[in-house]
Q: 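Quick one: the structure is below, and I'll ask about it shortly.
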Amino acid sequence: MRTILPDEGEILDIELEESLLEKNRELAVQNQKLLDDHNIRAIDILGAIGSGKTTLIQQMVLHLREKYRIAALAGDLTTTIDADRIQEAGAEVVQINTGKECHLDGHLVAKALKQMDLASLDLMFIENVGNLICPGEFPVGAHQRMVVVSVTEGPYMVVKHPYILAEASVLAVNKKDLAQVMQVDLDQLKKDAGGIRPNMPVIFTNARTGEGVPELIQTLGL
Ligand code: MG
Ligand code: ZN
């Protein structure tokens, strides 16, 4: 089989990209410092469109809204659908429309944080734009990363996303009730995850019913 690798002509692009990524990392560090100064714990939530990120956030807000003052940043290209749903559950929400950008970055999150009353918050969920490739390269300053994959995305979502998972605090495998129909082996997904990040907790959830959500909350230490 033939495999194509990047060639030397692309090195200049790579250098430009490196300085961009470096700048983003600095902004992420500043964001985290700002959150720390206000004793806010932030959790970055990554997953493809339709994996169940918003529904899981909604469920967690319903469980935790008596215990913490919660806010959410909802990243999305153009819509406010997710933000509206999370707000209904009882969190203060700032929508970040990224336009054509397929990920949040340190700068966008910094702008959102400036608009919030940080002194009145304890916990922040940051829902990234729905994709599992580039958000991994753009940390936003969160303390923990939760990755969501759904069994409806097929059996290879875990093995195909080693970079994102290598820095995850927890993996939620959502829509577990559909595993059999989708012919996805949950044990195999867990093994795949262990091959990438040996001690990462893997929680099977059904966000619609709330199954697995208490376990997820416990795993995140909330
Ligand atoms: Mg969503
Ligand atoms: Zn992107």
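Read the numbers this way: they start at 1 and go in the same order the structure lists the ligands and their atoms.
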Q: Just by distance, with hydrogens left out, do T205 and N174 show a side-chain donor and acceptor under 3.5 Å apart?
A: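 Their side chains do contain a donor-acceptor pair, which is all the 3.5 Å distance test asks for.
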Q: Are L73 and V61 connected, step by step, through hydrophobic side chains (Ile, Leu, Val, Met, Phe, Trp, Tyr) whose heavy atoms are closer than 4.5 Å?
A: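 Not linked; separate clusters.
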Q: Looking at every non-hydrogen atom in both residues, tell me the closest pair between Q59 and V213 and how far apart they are.
A: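 Here Q59 and V213 meet closest at CB-CG2, 3.8 Å.
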Q: Which protein N, O or S atoms lie under 2.8 Å from the Mg ion (ligand 1)?
A: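 For the Mg ion (ligand 1), the protein N, O and S atoms that sit under 2.8 Å away are T54 OG1, D82 OD2, E127 OE2.
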Q: Mind checking the CG-CG spacing from N128 to D105? Nearest 0.5 Å is all I need.
A: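 One finds 9.0 Å between CG of N128 and CG of D105.
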Q: Mind checking how many protein N/O/S atoms fall short of 2.8 Å from the Zn ion (ligand 2)?
A: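 Protein N, O or S neighbours of the Zn ion (ligand 2) under 2.8 Å, waters not counted, come to 3.
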Q: Can E88 and R85 be counted as an ion pair, charged N to O under 4.0 angstrom?
A: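 Salt bridge: no.
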Q: Can you check whether L186 reaches K190 side chain to side chain, under 4.5 Å on heavy atoms?
A: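 The answer is no; the side chains never approach within 4.5 Å.
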Q: With rounding to the nearest 0.5 angstrom, report the CG to CE distance, L56 to M146.
A: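 Answer for the CG-CE pair, L56 versus M146, is 4.5 Å.
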Q: For S51 and E153, test the side chains for any donor-to-acceptor distance below 3.5 angstrom and give the result as yes or no.
A: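 Their side chains do not contain a donor-acceptor pair, so the 3.5 Å distance test is not met.
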Q: Whether D37 and K33 form a salt bridge (side-chain N of Lys/Arg under 4.0 Å from carboxylate O of Asp/Glu) is what I want to check.
A: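 Salt bridge: yes.
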